[in-house]
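Single-structure report; data block below.
The sequence lines fix the lettering, A, B, ..., with proteins before strands; numbering per chain opens at 1. Since we're looking at a predicted model, the values are computed, not measured.
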Amino acid sequence: MKQGQYYLTTPIYYVNAAPHIGHAYTTIAAETIARLQRMKGLDVVLTSGTDEHGTKVERAAQAQGKTPRAFVDLISNEFRAQWQKLDLRIDRFQRTTSPEHAKLVNELFEACRANGYIYKGSYTGMYAVVSEAFVNDAKPGDVDPETGKPYEEVTEENYFFKLSAFTDRLLALYEENPDFIGPEIRRNEVLAFVKGGLADLSITRTSIKWGIPVEADPSHVFYVWFDALTTYISAVAGEDRWPADLHLIGKEILRFHAVYWPAFLMAAGWPLPKRVFAHGWLLFENDKMSKSRGNIVRPSPIADVMGVDALRYFLLREIVFGQDGSFSFDALVGRYNSDLANGLGNLASRTLSMLAQYRDSTIPEPSSHTAIAHVAETAAASALAYFNASDFSKGLEQVWSIISAADKYIVELAPWKLAKLTDDAAQKLLSETLYTAAEALRIVCVLISPILPKSAQAIWSQLGYTGRVEDEKVGSLKWGGLPGNQKISSIAAVFPRLDVKDTVKKMVELEGAEKSRQAALMGVSPAPDAPSVATTTPVAPIADTISIDDFSKVDLRVGLVKSAEPVKGADKLLHLNVDIGEAEPRTIVAGIALAYKPELLIGRKVVIVANLQPRKLRGLTSQGMIVAASLEGGSPVLASFLEEVPIGARLK
RNA sequence: GCCGGUGUAGCUCAGGUGGUUAGAGCGACGGUCUCAUAAUCCGUAGGUCGCAGGUUCAACUCCUGCCGCCGGCACCA
């Protein structure tokens with residue numbers, strides 16, 4: 001890594017989902033930081049990419065009758081196309097399926113092994129196919145609560161990474177580099193997690209085919225994180241850019257970046273990234289966005305209707321970076337109208353228009369220092385400080401204080417009145433006033449360029465510049481930079497005011513089309529539009545075919561809930577007594593406490609798996625399992641009957 | 001259950017180490033100007049600062065308890 005360089009990354013996105021606004025949020029934020037660093041004069045590289053291996057991908061491809069390769073090519077291209085459409089400049093796009101990446105993963109593995117941090121162990125366990133993880137404590141016949149699919153019993157020889165050996169070194173890392181993890185809340189979470197002790201990680205699989213082969217032992221392929229995180233290095237292979245200055249990620253993958261990744265690198269003796277920053281989630285009107293809620297928003301309809309800059313502005317202004325934030329179409333258009341149309345757009349419009357009318361489209365000579373100059377310089381410095389700390393919303397507030405001061409100043413000086421006066425003093429004052437307004441506008445343009453690149457450039461050009469505003473250096477931003485005598489060019493509204501209802505309607509319509517297009521791409525039939533009702537859009541692949549005999553092994557019974565109470569010390573568990581026609585009601589412990597109030601369950605008829613091996617949970621022995629629809633990321637919904645059914649009836 | 005965070009005007013949020021009338025932006029309402037994108041500018045709008053105690057001359061700001069929400073861990077057959 002050379003002086004004067006800056007290297008940052010977005011996560012590599014998993015190709016089991018089509019790009020949505022959450023992906024766009026991370027990528028936009030990263031691209032904004034990249035632009036900002038460039039305007040500080042640094043040689044910046046921003047990488048993104050796609051994570052393309054694993055059983056989930058293999059099965060999704062199979063479901064579409066495609067080879068994994070063809071499938072991942074398709075989705076990876078979709079991500080790239082999306083970033084292009086949003087005008088996001090991604091300097092390197094790395095895929096986990098690229099050959100140079102495979103080479104590097106093996107190098108990392110060998111380096112760790114040479115230092116004694118890799119060992120071969122045998123592991124037998126229940127494996128959840130969909131989440132691609134071994135499940136601790138699961139027993140044969142158990143079912144994945146998230147997908148309703150049985151776990152698969154898997155015994156395999158794995159290579160393990162001695163993560164346990166790194167507890168102290170990781171804690172020392174966080175201690176010595178307080179900025180390694182941001183924001184503070186996330187840092188504390190990681191600290192608590194690591195202090196709780198770390199278990200070794202299985203980093204290879206023999207049961208998966210679609211992955212990077214371990215060269216030293218080709219019956220193995222690398223497993224998720226060992227394979228994926230390494231893209232941050234392979235993306236800039238041969239460029240002398242590693243270590244990264246910043247990994248920008250969503251909070252859901254913090255542990256992998258703040259714990260596993262530095263441990264892998266320490267084990268190999270490779271340099272560590274300097275900072276990991278986890279931003280918050282984008283909620284849709286305060287609900288989590290999820291497939292099951294059907295409230296996922298895609299970025300391209302917004303870009304089509306309102307422009308990319310409107311989306312960028314909203315995401316970085318409305319949401320405090322690092323915290324969760326709420327997205328809504330109304331808020332988006334509201335922000336646009338009040339800040340961009342009425343604020344910045346109108347200031348540009350009135351300033352340029354007056355220059356055209358009163359000064360023959362020519363910028364007057366730079367004027368002496370005014371109060372506005374002071375305001376602008378102070379706010380600019382403050383804004384840049386906030387931007388540097390990735391506090392975009394506060395930084396933008398500072399920039400807008402310049403706009404507001406300029407508007408106020410214009411009204412006070414009333415150039416339209418001065419224009420009617422012919423004496424020299426009035427004309428001189430008019431020139432000064434117009435210069436001041438234009439210069440304030442110029443400073444605003446430079447400051448917002450990383451966030452609103454297109455709009456900043458549009459105003460910049462209207463101010464008469466022929467070059468690019470992004471080539472300006474923010475470090476040398478001083479009052480008086482706008483050259484006198486410069487001819488402004490033709491004026492056009494940069495942010496036309498939008499009708500809220502109309503605009504939202506258009507976006508929602510396009511959103512529907514985009515949803516269908518993506519669903520087709522992913523190979524799932526688009527669900528009917530019912531945004532407020534829970535619909536399961538892309539359906540998880542169907543499990544392997546079983547015979548009727550296999551099915552008849554499962555004894556499902558109608559049961560009546562006699563009692564229900566929370567299990568002490570567990571958030572999700574309810575202790576139920578269910579009568580299925582036997583001498584005694586059964587004790588059933590069910591993970592439905594978040595979705596159902598115990599008192600509302602009493603007297604309700606439910607479906608029970610009656611011949612499931614009993615299982616001890618929180619001290620109680622559960623004699624069966626309650627059947628419920630399991631929504632990904634959502635609450636379970638109990639199976640029930642519309643007609644009367646007798647207790648103990650069997651389902652078959 | 002453990003750990004952490006949080007609860008301030010309709011909305012989004014500011015309010016180091018306690019001290020005159022609790023702030024900003026948006027929205028709303030009234031007014032003004034006319035250069036401008038029915039924009040700007042000015043003014044107004046009265047929120048028990050979650051609840052209850054406590055410490056103090058004085059608490060939104062400290063302490064205790066409770067309630068609500070969010071997150072991490074445990075947990076989900």
Point to revise | Residue pairs fulfilling side chain to side chain donor-acceptor pair (under 3.5 Å) with at least one residue in residues 491-505 of chain A, sequence neighbours excluded | key: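 The answer is N342(A)-R497(A).
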
Point to revise | Qualifying side chain to side chain donor-acceptor pair (under 3.5 Å) pairs with a residue from residues 180-194 of chain A, counting only residues at least two apart or across chains | key: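 Pairs touching residues 180-194 of chain A that pass the test: R186(A)-E189(A).
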
Gap in Å between the two [atom1] atoms, one belonging to [N] and one to [M], rounded:
{"N": "C33(B)", "M": "C49(B)", "atom1": "P", "answer": "41 Å"}
{"N": "G65(B)", "M": "C3(B)", "atom1": "P", "answer": "11 Å"}
{"N": "A28(B)", "M": "A45(B)", "atom1": "C1'", "answer": "8 Å"}
{"N": "A14(B)", "M": "G7(B)", "atom1": "P", "answer": "7 Å"}
{"N": "A74(B)", "M": "G1(B)", "atom1": "C1'", "answer": "8 Å"}
{"N": "U8(B)", "M": "U12(B)", "atom1": "P", "answer": "9 Å"}
{"N": "G27(B)", "M": "C73(B)", "atom1": "C1'", "answer": "41 Å"}
{"N": "A59(B)", "M": "G71(B)", "atom1": "P", "answer": "35 Å"}

Distance in angstrom units between [X] [atom1] and [N] [atom2], rounded:
{"X": "F327(A)", "N": "U12(B)", "atom1": "CZ", "atom2": "P", "result": "16 Å"}
{"X": "K394(A)", "N": "A24(B)", "atom1": "NZ", "atom2": "C1'", "result": "12 Å"}
{"X": "N337(A)", "N": "G25(B)", "atom1": "CG", "atom2": "P", "result": "19 Å"}
{"X": "D324(A)", "N": "U12(B)", "atom1": "CG", "atom2": "P", "result": "14 Å"}
{"X": "L283(A)", "N": "C69(B)", "atom1": "CG", "atom2": "P", "result": "16 Å"}
{"X": "F256(A)", "N": "G72(B)", "atom1": "CZ", "atom2": "C1'", "result": "14 Å"}
{"X": "L573(A)", "N": "C73(B)", "atom1": "CG", "atom2": "P", "result": "16 Å"}
{"X": "E397(A)", "N": "C13(B)", "atom1": "CD", "atom2": "C1'", "result": "8 Å"}

Practice item. Count the heavy atoms belonging to other residues, nucleotides or ligands that lie under 6.0 Å from NZ of K487(A), then report whether that count exceeds 12. Key: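 Counting neighbours around NZ of K487(A), more than 12 heavy atoms of other residues, nucleotides or ligands fall under 6.0 Å, so yes.
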
Review point. More than 12 non-hydrogen atoms from neighbouring residues, nucleotides or ligands closer than 6.0 Å to CG on D424(A), yes or no?
Key: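 Counting other residues, nucleotides and ligands, CG of D424(A) stays at 12 neighbours or fewer.
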
With a 3.5 Å distance limit and no angle check, can you tell me whether [X] reaches the backbone of [Y] through a side-chain donor-acceptor pair?
{"X": "D423(A)", "Y": "A426(A)", "result": "yes"}
{"X": "T26(A)", "Y": "I249(A)", "result": "no"}
{"X": "D324(A)", "Y": "W281(A)", "result": "yes"}

Study note, to complete from the structure: Parsed dot-bracket for RNA chain B after applying the Watson-Crick and G-U rules with both distances under 3.5 Å and | for other-strand partners is (((((((..((((.....[...)))).((((.........)))).....(((((..]....))))))))))))....

Exercise for review: Please assess E582(A) against R586(A) for the test salt bridge (charged side-chain N to carboxylate O under 4.0 Å, His left out), listing each intermediate value before the final yes or no.
Suggested key: CA-CA 8 Å; E582(A) 296 170 318; R586(A) 293 221 188 176; 2.9 Å; yes

Exercise for review: Within residues 183-191 of chain A, find the residues that approach RNA chain B with a heavy atom at under 4.0 Å, and present them sorted by residue number.
Suggested key: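 Heavy-atom cutoff 4.0 Å gives R186(A), E189(A).
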
Point to revise | Which residue lies more 5' along RNA chain B, comparing R335(A) with K251(A) via nearest heavy atoms | key: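 Counting from the 5' end, the first nearest nucleotide belongs to R335(A).
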
**Study point:** Pairwise side-chain contact, M354(A) with L430(A), heavy-atom cut-off 4.5 Å (strictly under)
**Key:**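 With C-beta onward as the side chain, the pair stays apart.
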
Exercise for review: Measure the shortest side-chain to side-chain distance between V320(A) and K394(A) over non-hydrogen atoms and say whether it is less than 4.5 angstrom.
Suggested key: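 A side-chain contact under 4.5 Å is absent here.
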
Check your understanding: Nucleotide by nucleotide, 5' to 3', does protein get under 4.0 Å of the base (B), only the sugar-phosphate (S), or neither (-) in nucleotides 33-43 of chain B, counting heavy atoms?
Key -> SSBBB-SBSS-

Check your understanding: Is R350(A) salt-bridged to D407(A), going by a charged N under 4.0 Å from an acidic O?
Key ->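 Yes.
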
Exercise for review: Select base, sugar-phosphate, or nothing to describe what A419(A) touches, counting heavy atoms under 4.0 Å on all strands.
Suggested key: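 Here A419(A) touches no strand at all.
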
Counting only pairs under 3.5 Å, give me each side-chain donor-acceptor contact of residues 306-313 of chain A, with atom names and distances, residues two or more places apart or in other chains.
{"residue": "D309(A)", "atom": "OD2", "partner": "K454(A)", "partner atom": "N", "Å": "3.2"}
{"residue": "D309(A)", "atom": "OD2", "partner": "S455(A)", "partner atom": "N", "Å": "2.7"}
{"residue": "D309(A)", "atom": "OD2", "partner": "S455(A)", "partner atom": "OG", "Å": "2.5"}
{"residue": "R312(A)", "atom": "NE", "partner": "I451(A)", "partner atom": "O", "Å": "2.8"}
{"residue": "R312(A)", "atom": "NH1", "partner": "E31(A)", "partner atom": "OE1", "Å": "2.8"}
{"residue": "R312(A)", "atom": "NH2", "partner": "E31(A)", "partner atom": "OE1", "Å": "2.8"}
{"residue": "R312(A)", "atom": "NH2", "partner": "T32(A)", "partner atom": "OG1", "Å": "3.2"}
{"residue": "R312(A)", "atom": "NH2", "partner": "P450(A)", "partner atom": "O", "Å": "3.0"}
{"residue": "Y313(A)", "atom": "OH", "partner": "D339(A)", "partner atom": "OD2", "Å": "2.6"}

